[in-house]
Amino acid sequence: MKNIIKSVKGTRDFYPEEMAKRQWLIEKIRETSQLFGYEAYDGPCLETIELYAAKSGEELVKEQAFVFPDRSGELIALRPELTPTLARMVAAQQNALTFPLRWWSFGPFWRYERPQKGRSREFFQWNIDLIGVEGVEADAELIAVAATFFRNLGLRPDQVQILVNNRKLMEAELNRIGISAELRPAVLRLIDRIDKQPAEVWDENVLRLGLLPDQLSSLKALLANKDLWQQSEELQALFKQLEALGVAEFVSYDPKIIRGLDYYTGTVFEAHDMTGEFRAILGGGHYANLVEDVGGKPLPGVGFAMGDVVIMLLLEALGLIPEQKSASKAVLVTVFDEATQAIAMRTAARLRDEGVQVILYPEADKLSKQLKYADRLGARLALFIGPDEVAENTVVIKDLATHQQESVPMQALVERVKNLLA
RNA sequence: GUGCCUGUAGCUCAAUGGCAGAGCGCCUCACUGUGGAUGAGGAGGUUGAGGGUUCGAAACCCUUCAGGCACCCCA
């Protein structure tokens, strides 16, 4: 163990067991995305640092991106998020694309952060965006995508909720309290983390920004008001549409949802597990303007991103990840001895020609060992072709789950195996 | 990047300054044509790494690496 070279901090190895789970998750993401008519796309994992300089705030690039010079000296970043790439791609083809645009993507991202549970330096992220729609209908659709995804995974509304708020509403309400436009961004940032700080500390921080004590109490009343959404026409319309889309049970209003990214201008939302044990599962919102910073004409849209880590921790905790055995449809062909090895190989080849997944034991060995191997891999059937079978021109098929076995004529093998696997 | 906690066999953990152990898992055999059970054997550790204190360190001290918790930030 001592001489094994260590992996890079914050990265994960995906052994077959974990890889199978990752593939399962991707499949669920693909199903849901396609169900709503979204098309898959991807960009490069490497981008020039200028792409991020304009967008996504300095913090993300300066402090959280992996940045390095290439051999010519140009600064390259491992992508910490996809939105700037999306903006660039859309801007480059802006006059050729058909809007509204429905695109989704799943791929690796990197952020140079301190790893913790639910947060690694290399992670996978589902990004999905609807671009070219101004109205709140687009917001409703994306929230419906998220809710449908949860439903498809077997998650219930009492286990996970999508919490929604609206930036315009919050701006208006802060204005009403008398908080100046210059102070609002800082106040919003504090609202975003109200649940993370002790109440007294939070109060202190708010007052330190320059708010008056009665503004503080107004603010706290605001954040406790679960009916605040009724002050927003957009949110009223949104909830009505979510009802019509059949996903309202997964959504609730929360005035504390702000989102860190500056480019959100309307609806913002975050999905959380109801025990509060994990970090946010996904987050997104409405942006007025996706491509302006990279040189395109203004385009509104809405999108969200979901990392692979938290959702899998949650699903694992709830026991919602089905057992993934890659060999669950496989037939293991045993090799009795050297004399029968060739016929075992021929039989394996015949089955493979018919599209049956066949694992051929690589050498003659004790049958107990071969069966144990089949068992470990989770194979469905095992075949025995020993001297007796060769003499009779038969094969013994054993169902490893039921322990039942039968002898069939060699000619009937393929059909019988297919029946048993069906 | 800051503070705190934790690193002992593949996994979960004992051993609190005196010979590094258990359970599970793994391998072999009982089982010369049959897997999950049972029994008997066996392999596997420079106690994360490096240094220091000590007659003696898994344990105490320093450094470092990794993970976890909080901050920061966010998926």
Side-chain angles (χ1 to χ4, degrees), chain A residues 1-12 15 17 25 29 56-65 79-83 105-128 146 189 192-193 195-198 201 205 258-262 269-272 277-284 303-314 332 334-337 340 361 364-391 396-405 407:
Chain A
M1 192 45 106
K2 58 188 184 243
N3 286 328
I4 295 174
I5 293 168
K6 282 185 291 198
S7 55
V8 175
K9 177 175 181 161
T11 61
R12 295 165 292 165
Y15 288 84
E17 192 182 339
L25 179 71
I29 287 169
S56 69
E58 310 73 43
E59 172 90 30
L60 200 58
V61 173
K62 279 191 187 147
E63 308 197 0
Q64 292 190 5
R79 60 180 184 186
E81 61 158 334
L82 193 61
T83 304
S105 181
F106 184 90
F109 294 85
W110 296 265
R111 287 185 196 170
Y112 196 84
E113 290 185 292
R114 185 106 174 229
Q116 286 175 32
K117 187 162 59 163
R119 192 173 74 182
S120 57
R121 287 187 170 183
E122 179 179 66
F123 58 96
F124 293 86
Q125 199 178 67
W126 176 28
N127 282 265
I128 184 162
R189 283 170 67 86
D192 200 32
R193 69 200 64 160
D195 288 331
K196 297 194 156 193
Q197 300 178 348
V201 175
N205 285 332
I258 296 295
R259 309 286 307 144
L261 296 171
D262 293 335
F269 55 94
E270 263 174 30
H272 287 263
E277 187 185 344
F278 302 103
R279 297 161 193 281
I281 299 163
L282 59 83
F304 69 78
M306 182 192 78
D308 68 308
V309 184
V310 175
I311 185 72
M312 290 306 270
L313 283 173
L314 175 63
L332 184 117
T334 61
V335 176
F336 187 80
D337 55 22
T340 57
Y361 204 80
D365 206 331
K366 282 191 288 197
L367 286 180
S368 62
K369 210 171 159 187
Q370 300 189 42
L371 277 171
K372 192 166 190 176
Y373 183 69
D375 204 38
R376 291 277 169 77
L377 295 179
R380 184 72 199 291
L381 303 173
L383 301 191
F384 302 102
I385 314 168
D388 297 349
E389 286 75 24
V390 171
V396 169
I397 306 174
K398 176 159 191 164
D399 186 315
L400 290 164
T402 65
H403 297 243
Q404 289 177 338
Q405 63 183 53
S407 178

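These numbers come from a predicted model, not from an experiment. We name chains A, B, ... by the order of the sequence lines, and we start the count at 1 in each one.
- Counting non-hydrogen atoms under 4.0 angstrom, A:Asp388 reaches a base of the nucleic acid.
- As rounded to the nearest Å, B:U64 and B:G3 have P atoms that lie 11 Å from one another.
- Residue A:Arg121 contributes atom CZ, which lies 11 Å from atom C1' of B:A66 at whole-angstrom precision.
- Residue A:Phe124 is classed as having no contact, given no heavy-atom separation below 4.0 Å to the nucleic acid.
- Atom name P, nucleotides B:G35 and B:U28: the rounded distance is 13 Å, in whole Å.
- The interatomic distance linking A:Leu400 (CG) with B:U34 (C1') rounds to 10 Å, in whole Å.
- Across all strands shown, A:Ile311 has no heavy atoms under 4.0 Å from either base or sugar-phosphate atoms.
- We find that CG of A:Asp192 is positioned 10 Å from P of B:C72, with the value rounded to whole Å.
- At B:A75, one or more side-chain N or O atoms of A:Arg259 fall inside 4.0 Å of OP1 or OP2 (strictly under the cut-off).
- Both A:Lys117 and A:Lys9 lie close to RNA chain B; mapped to their nearest nucleotides by heavy-atom distance, the more 5′-ward contact belongs to A:Lys9.
- Rounded to whole Å, atom C1' of B:C69 lies 15 Å from atom CG of A:Leu313.
- Atom-to-atom, CZ of A:Arg114 to C1' of B:C4 comes out at 10 Å; the value is rounded to the nearest Å.
- Look at A:Lys372 and you won't find any side-chain N or O under 4.0 angstrom from OP1 or OP2 of B:U34.
- B:G25 and B:G39 have their P atoms separated by 11 Å, with the value rounded to a whole Å.
- Across all strands shown, A:Ala305 has heavy atoms under 4.0 Å from sugar-phosphate atoms exclusively, and none from any base.
- The side chain of A:Arg189 contributes an N or O atom lying less than 4.0 Å from OP1 or OP2 of B:C73.
- Taking 4.0 angstrom as the limit, A:Arg12 places none of its side-chain polar atoms (N or O) nearer than this to OP1 or OP2 of B:G67.
- Within 4.0 Å (heavy atoms only), A:Glu389 reaches at least one base atom of the nucleic acid.
- Within the 4.0 angstrom heavy-atom criterion, base atoms lie near A:Ser120.
- On the P atoms, B:C61 is 11 Å away from B:C5, given to the nearest whole Å.
- A stacking contact between A:Phe109 and B:A75 is absent: the pair does not combine a ring-centre distance of less than 5.5 Å to the base's six-membered ring with planes differing by less than 30°.
- The residue A:Gly10 sits close only to the backbone: its heavy atoms come under 4.0 Å of sugar-phosphate atoms, none of a base.
- With respect to A:Phe336, the side chain to side chain contact (heavy atoms under 4.5 Å, CB included) criterion is satisfied by exactly one of A:Leu367, A:Val390, A:Asp388: A:Leu367.
- A straight line from OH of A:Tyr15 to C1' of B:C11 spans 14 Å, rounded to a whole angstrom.
- Atom pair A:Phe336:CZ and B:U32:P shows a separation of 10 Å (rounding to whole Å applied).
- Nucleotides B:G56 and B:G52 have their P atoms positioned 12 Å apart, rounded to a whole Å.
- Within the nucleic acid shown, A:Arg193 comes within 4.0 Å of sugar-phosphate atoms alone, with no base atom in reach, counting heavy atoms only.
- When the P atom is compared between B:G17 and B:C11, the two are found 27 Å apart, to the nearest whole Å.
- Remark: A:Arg12 does not engage A:Glu122 in a salt bridge, criterion side-chain N to carboxylate O under 4.0 Å.
- Residue A:Gln405 is classed as a base contact, given a heavy-atom separation below 4.0 Å to a base.
- Residue contacts shown for A:Lys6 are limited to sugar-phosphate atoms, with no base heavy atom under 4.0 Å away.
- Atom name C1', nucleotides B:A66 and B:G48: the rounded distance is 7 Å, in whole Å.
- To the nearest whole angstrom, the two P atoms, one in B:U54 and one in B:U16, are 23 Å apart.
- Atoms CZ (A:Arg111) and P (B:A75) sit 6 Å apart, rounded to a whole Å.
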